[in-house]
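Heads up: the structure comes next, in structure tokens.
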Amino acid sequence: MAKGNKLTSRAENYSEWYNEIVKKADLAENSEVRGCMVIKPYGYAIWERMQRTLDDMFKETGHVNAYFPLFIPKSFLSKEADHVEGFAKECAVVTHYRLKNDPDGKGVVVDPEAKLEEELIVRPTSETIIWSTYRNWIQSYRDLPILVNQWANVVRWELRTRMFLRTAEFLWQEGHTAHATKEEAVEESIKMLNVYAEFAEKTMAVPVVKGAKSERERFAGALDTYTIEGLMQDGKALQCGTSHFLGQNFAKAFDVKFANQNNQEEYVWATSWGVSTRLMGALIMTHSDDSGLVLPPALAPHQVVMIPIYRKDEERALVMEKMNEIATSLKAAGIRVKIDDDDTKRAGWKFAEWELKGVPVRLALGPRDLENGKIEVARRDTQTKEVVDITDHFDQTIKELLDNVQEGIYEKALKFREDNTRKVDTWEEFTAALEDDIPGFLLAHWDGTTETEEKIQNESKATIRCIPMDGEEEDGKCVYSGKPSKRRVLFAKAY
RNA sequence: CGGGAUGUAGCUCAGUCCGGUUAGAGUACACGUCUGGGGGGCGUGGGGCCGGCAGUUCGAAUCUGCCCAUCCCGACCA
């Protein structure tokens with residue numbers, strides 16, 4: 001790659017900047033199938049770290065993993081009326097099970113003889129197939145709760161797609177739990193929302209607002225949907241994860257009952273919750289800059305990249321010896337280290353490349369440093385570097401530096417969100433705020449009706465992201481209708 | 001599904017209006033060489049069914065028709 005290979009800046013064209021990061025940082029690329037993407041090894045490595053951390057958190061909260069089929073009988077989808085309403089328009093349908101050679105000799109065609117009696121839907125989510133299964137698993141209160149998660153792919157036939165943010169097929173996890181009481185199910189749905197929020201903030205360093213969705217925005221088939229909402233650098237909101245209290249809707253649709261301690265039959269209470277590869281988009285759009293990706297150390301496949309500098313083979317040998325020694329001690333301290341000793345690339349090229357890929361810390365070591373007992377330490381998030389002594393506790397120095405980076409990018413993102421969260425009280429303020437370069441989060445009163453919500457969306461393009469959980473009661477007037485309101489809700493333009 | 005555009009090297013594109021040498025550039029790739037502490041310089045080389053089919057013509061990347069594909073804007077998108 002040549003000098004001209006700079007990213008489009010965020011100011012110039014934000015969505016172009018995003019697309020270029022995804023491609024040039026080797027995260028993913030478009031596939032031959034419209035709307036689908038290939039997640040490349042570097043991008044997948046980040047996703048794997050997300051999976052591992054989340055999976056541990058799920059296990060710690062008592063969940064186990066299982067796997068349910070990709071295909072769902074068409075009839076299942078129509079058993080819960082709201083649910084089918086929500087998904088019908090974006091389902092891929094399997095109608096046949098066989099191909100045959102084209103009689104005209106041009107490749108293969110669908111064999112019309114092989115039509116399925118009942119068509120199969122490629123899962124857009126798995127509530128239906130799971131609840132039809134739970135029916136057989138549950139007879140007594142002693143069978144409850146069921147706390148199951150699955151890691152899977154799902155398909156939603158989207159017309160407009162964007163890498164990681166909205167693709168026709170995506171990877172996610174979906175937790176599906178069954179409980180004896182309403183209280184327990186509600187508690188579960190909030191517990192998992194908290195797990196998501198903790199993951200977002202501690203591991204991804206993405207600050208999020210926890211809240212409940214309005215009726216209009218909630219999951220089809222849920223009584224309550226809870227969400228974590230992040231604010232991206234362009235001032236638009238991104239829904240990062242959702243947790244649903246499903247009530248008894250699916251239990252009734254699939255006739256899942258249990259005998260309570262008094263031997264009375266009751267419908268089971270349900271939750272479901274999920275996060276997807278969309279989190280990759282949140283990660284990119286929260287921290288990255290015009291030089292490329294910025295990764296939190298907790299998720300970076302390589303936390304430290306080491307680049308040797310040398311001219312002659314003798315120099316190379318000396319530098320590599322010292323570098324391996326340092327790498328060994330860093331690895332022993334639990335740090336993920338990559339030595340980039342590729343002799344076909346130049347040092348400057350590697351600097352730019354690893355910056356683009358967001359590696360939190362870069363160490364460069366050359367003959368000059370070797371003489372002085374020093375090493376160059378560069379920090380990705382602040383783009384600063386300094387030459388420091390190689391001390392006995394160098395591994396601890398780096399460990400602390402990584403912690404600082406993790407903390408630093410979170411604080412920076414939090415400050416950005418705070419700077420771009422505004423209370424507005426009039427419709428003029430509301431619409432004016434949305435015209436800004438960074439529209440941001442708007443806290444405003446709302447009269448609680450779907451009609452008003454729709455009008456606000458149609459006239460301003462902003463939607464209610466959530467009714468924040470930590471919001472305080474406050475008397476006010478709806479920013480649109482002027483009717484009384486008890487609390488502010490969070491509005492934003494959203495992805 | 002409506003509106004607009006584009007298909008030429010792995011990628012980004014010029015050439016098409018006005019038909020006429022062997023179809024070009026940048027980048028990527030390969031080799032050599034000088035290099036090497038922020039995406040290096042020089043040299044050499046490989047790589048093309050010009051989206052497909054059918055016309056017009058002595059001659060088509062270029063003109064005509066049809067088809068296919070993709071992209072953008074809208075509509076739609078818990």
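What's counted below: heavy atoms across the whole structure, side chains too, no hydrogens, waters or symmetry copies.
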TODO: Looking at every strand, decide which applies to A:R218 at a 4.0 Å heavy-atom threshold: base, sugar-phosphate, or nothing.
DONE: sugar-phosphate
Open item on the list: Please classify the nucleic acid contact of A:D82 as base, sugar-phosphate, or nothing, using heavy-atom distances under 4.0 Å.
Closed with: nothing
TODO: Under 4.0 Å between any heavy atoms, over every strand shown, what does A:R216 touch: base, sugar-phosphate, or nothing? Just pick one.
DONE: sugar-phosphate
Open item on the list: Any carboxylate oxygen within less than 4.0 angstrom of a Lys/Arg side-chain nitrogen, looking at A:R380 and A:D289?
Closed with: yes
TODO: Go through B:G39, B:C77, B:G37 for me and flag the one nearest to the A:K89 side chain.
DONE: B:C77
TODO: Give a yes or no on whether the backbone of A:V294 and the side-chain of A:H287 come within a donor-acceptor separation of less than 3.5 Å.
DONE: no
Open item on the list: On the nucleotide B:G40, are OP1 or OP2 found under 4.0 Å from the side-chain N or O atoms that A:R346 carries?
Closed with: yes
Task: Qualifying side-chain hydrogen bond (donor to acceptor under 3.5 Å, both in side chains) pairs, either residue in residues 435-446 of chain A, two or more places apart - done: A:R422-A:D436, A:H445-A:E474, A:H445-A:S485
Task: Side-chain donor-acceptor contact under 3.5 Å, A:T431 with A:S460 - done: no
TODO: Write down the distance separating the C1' atoms in B:U33 and B:G51, rounded off to the nearest Å.
DONE: 41 Å
Open item on the list: Counting only side-chain heavy atoms from C-beta out, which of B:G36, B:G37, B:G38 sits nearest to A:R362?
Closed with: B:G38
- [ ] Anything under 30° is parallel, anything over 60° is perpendicular, the rest tilted; go ahead and classify A:W269 against A:F245.
- [x] parallel
Task: Side chain of A:E158 (C-beta onward), nearest among B:G38, B:C77, B:G36 - done: B:C77
Open item on the list: If I pick the P atom on B:G32 and the same atom on B:A69, what distance separates them, to the nearest angstrom?
Closed with: 46 Å
Task: Whole-angstrom distance between B:G20 and B:A25, as gauged at atom C1' - done: 22 Å
TODO: Indicate, with a heavy-atom threshold strictly under 4.0 Å, whether A:G348 touches base, sugar-phosphate, or nothing.
DONE: sugar-phosphate
- [ ] With P as the reference atom in both, quote the distance from B:U21 to B:A30 in angstrom, rounded to an integer.
- [x] 34 Å
Open item on the list: Does A:E85, at its CD atom, have more than 12 non-hydrogen atoms belonging to other residues, nucleotides or ligands within less than 6.0 Å?
Closed with: no
Open item on the list: Base, sugar-phosphate or nothing for A:E85? Non-hydrogen atoms, less than 4.0 Å.
Closed with: nothing
Task: Flag for A:E217-A:T463: side-chain donor and acceptor within less than 3.5 Å - done: no
Open item on the list: When you measure from the side-chain N and O atoms of A:R316 to the phosphate of B:G36, is any distance below 4.0 Å, counting only OP1 and OP2?
Closed with: no
Task: Selection from B:G37, B:G39, B:G38 that lies nearest to any side-chain heavy atom of A:W349 - done: B:G39
Open item on the list: Suppose you measure atom P in B:C11 against the same atom in B:G52; what distance do you get, rounded to whole Å?
Closed with: 15 Å
- [ ] Determine the interatomic distance between P on B:G15 and the same-named atom on B:G24; round to the nearest Å.
- [x] 16 Å
Below 3.5 Å is the cut-off: list the nitrogen or oxygen pairs between protein and nucleotides 3-10 of chain B, distance only.
none

Task: Pairs involving residues 446-462 of chain A, ordered by first then second residue, that meet salt bridge (charged side-chain N to carboxylate O under 4.0 Å, His left out) (sequence neighbours left out) - done: A:R216-A:E454
Open item on the list: Is there, by distance only and without an angle test, a donor paired with an acceptor across the side chain of A:K385 and the base of B:G38 below 3.5 Å?
Closed with: yes
Task: A:R34, nearest nucleotide to its side chain (from B:C77, B:C71, B:C76) - done: B:C71
Open item on the list: Between B:A23 and B:U70, how many Å separate the two P atoms, rounded to a whole number?
Closed with: 30 Å
Open item on the list: Side chain of A:L356, heavy atoms from C-beta onward: which of B:G40, B:C76, B:G39 has the nearest atom to it?
Closed with: B:G39
- [ ] Just compare B:G36, B:G37, B:C77 and give me whichever is closest to any side-chain atom of A:E90.
- [x] B:C77
